[in-house]
Amino acid sequence: MSGGAKGATTVEGQHRQPLWKAIAAVPDAAGSRDSWAQGVCLACVETMDQVDAAILSLRADRRSEEVLGASDSWAARLAELEYTAGEGPGAEAFETGRPVLVPDLLADQVRWPGFAQTALAAGLGAAFAFPLQFGGIRLGTLELARLRPGGLTSAEARDAALAADLTTAALLQQSREAERAGREFAPRTVLSYQDVHIATGMLAAQLRISLDDAFARLRAHSYSTNRSLLDVARDVLERRITLEESSE
């Protein structure tokens with residue numbers, strides 16, 4: 001019996017090898033690092049049977065986020081919906097420093113009503129978010145998504161938590177290497193919200209309000225018009241809208 005359990009563990013470990021190799025690839029030549037986060041997301045989907053999409057994000061607060069990797073366009077869409085709503089599994093995992101496991105978003109939609117409404121419409125059935133943290137340092141999140149409701153197996157939950165820890169270590173290594181080389185730690189993103197940051201600053205200066213208030217206006221307009229925060233920010237930068245009046 002113990003031999004059978006050991007054999008099962010060995011097979012399971014072998015099945016996860018592509019994921020561990022994808023994460024460990026970070027120390028390779030600088031030219032390969034641009035696709036590293038994307039590779040981690042793809043490996044999560046390929047090695048976890050209950051996972052349909054994965055997202056790897058750097059976060060600082062609700063305004064500051066960059067998506068380093070997304071397994072496909074649907075994953076990138078989910079990341080943008082969460083950023084626009086300002087709530088969701090990733091945001092909660094980052095704020096609390098604890099994994100957020102939601103096997104049925106429809107049943108748990110009151111938890112994040114703004115995000116759930118759009119995410120359910122986009123086809124999200126279940127979501128699982130793990131913080132990227134080391135001690136008191138929090139870098140971002142690793143999020144896994146399912147099209148259909150259903151939980152992760154216990155083995156997949158353990159592997160996802162381990163993947164988040166290893167990813168954190170890899171990102172910290174990148175940061176230390178950049179510091180030693182005298183360059184800025186700025187990994188390439190698959191989805192950047194830099195335009196939102198610029199539009200927020202521009203609004204704050206024009207209207208003489210705080211950055212938080214300017215960001216709230218962007219988000220309120222995005223919600224009221226059912227458009228992404230990134231699209232609204234680009235309209236502000238192109239002066240197609242002004243947002244001089246506070247959005248209801």
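Computed from a predicted structure; not experimentally measured.
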Nearest 0.5 angstrom please: [X] [atom1] to [Y] [atom2], how far?
X	Y	atom1	atom2	value
His221	Ile241	NE2	CD1	4.0 Å
Ser57	Phe94	OG	CZ	10.5 Å
Leu132	Leu58	CG	CG	8.0 Å
Arg227	Leu229	CZ	CG	10.5 Å

Would a 4.5 Å heavy-atom cut-off, applied to side chains only, mark [X] and [Y] as touching?
X	Y	result
Leu144	Cys44	yes
Val196	Leu230	yes
Leu139	Leu172	yes
Val190	Leu68	no
Arg217	Leu207	yes

Verify same cluster id: [X], [Y] (apolar side-chain graph, 4.5 Å):
X	Y	answer
Val67	Leu42	no
Leu78	Leu191	yes
Phe115	Tyr193	yes
Leu203	Tyr223	no

| request: Answer yes or no: does atom CD of Gln206 have more than 12 heavy-atom neighbours from other residues, nucleotides or ligands under 6.0 Å? | output: yes

| said: Counting only heavy atoms not in Arg239 (residues, nucleotides, ligands), do more than 12 fall under 6.0 Å from its CZ? | reply: no

| Quick one: side-chain hydrogen bond (donor to acceptor under 3.5 Å, both in side chains) partners of Arg208, sequence neighbours excluded? |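 So Arg208 forms no side-chain hydrogen bond (donor to acceptor under 3.5 Å, both in side chains) with any residue.
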
| query | With sequence neighbours excluded, what pairs up with Ser192 under the side-chain hydrogen bond (donor to acceptor under 3.5 Å, both in side chains) test? | reply |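 Partners of Ser192 under the side-chain hydrogen bond (donor to acceptor under 3.5 Å, both in side chains) test: Glu66.
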
Can you list every side chain to side chain donor-acceptor pair (under 3.5 Å) pair that touches [range], not counting sequence neighbours?
range	answer
residues 160-169	none
residues 103-130	Glu92-Arg111, Glu92-Trp112, Asp108-Arg111
residues 70-83	Glu80-Ser228

Minimum heavy-atom separation for [X] and [Y], please, with both atom names.
X	Y	value
Ala75	Ala53	CB-CB, 3.9 Å
Ala22	Gly39	CB-O, 3.8 Å
Ala93	Pro131	O-CB, 3.6 Å
Ser222	Val232	CA-CG2, 3.8 Å

| field | CA sep, side-chain torsions, deciding dist, call: Leu237, Met202, side chain to side chain contact (heavy atoms under 4.5 Å, CB included) | value | CA-CA 8 Å; Leu237 293 178; Met202 191 170 85; 4.2 Å; yes

Identify, with sequence neighbours excluded, every residue that meets side chain to side chain contact (heavy atoms under 4.5 Å, CB included) alongside [X].
X	result
Arg98	Thr96
Ala76	Ala70
Ala163	Leu19, Trp20, Ile23, Leu142

| request: Give a yes or no on whether the backbone of Ala43 and the side-chain of Thr47 come within a donor-acceptor separation of less than 3.5 Å. | output: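 Checking the backbone N and O of Ala43 against the side chain of Thr47, a donor-acceptor pair under 3.5 Å is found.
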
| task | Examine distances only and state if a side-chain atom of Gln38 and a backbone atom of Gly69 form a donor-acceptor pair shorter than 3.5 Å. | result |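 Such a contact is absent between Gln38 side chain and Gly69 backbone.
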
| Is there any salt bridge (charged side-chain N to carboxylate O under 4.0 Å, His left out) pair reaching into residues 135-146, and which pairs are they, with sequence neighbours excluded? | Arg59-Glu143

| message | Show every salt bridge (charged side-chain N to carboxylate O under 4.0 Å, His left out) that has at least one partner inside residues 194-204, sequence neighbours left out. | response |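 Applying salt bridge (charged side-chain N to carboxylate O under 4.0 Å, His left out) to every pair that reaches into residues 194-204, excluding sequence neighbours, yields Asp195-Arg234.
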
| message | With ring-ring contact (aromatic ring centres under 6.0 Å, His included) as the rule and sequence neighbours excluded, what pairs involving residues 129-161 come up? | response |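 Every pair satisfying ring-ring contact (aromatic ring centres under 6.0 Å, His included) with a residue in residues 129-161: there are none.
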
| For Glu95, what residues pass the salt bridge (charged side-chain N to carboxylate O under 4.0 Å, His left out) criterion, not counting sequence neighbours? |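 Glu95: salt bridge (charged side-chain N to carboxylate O under 4.0 Å, His left out) contacts with Arg62.
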
| request: Dump the intermediate steps for salt bridge (charged side-chain N to carboxylate O under 4.0 Å, His left out) on Arg148 and Asp52, then the final yes or no. | output: CA-CA 9 Å; Arg148 296 180 180 179; Asp52 295 312; over 6 Å; no

| For Thr200, the option from Val236, Asp212, Leu211, Asp213 that meets side-chain contact (heavy atoms from CB on, under 4.5 Å) | Leu211

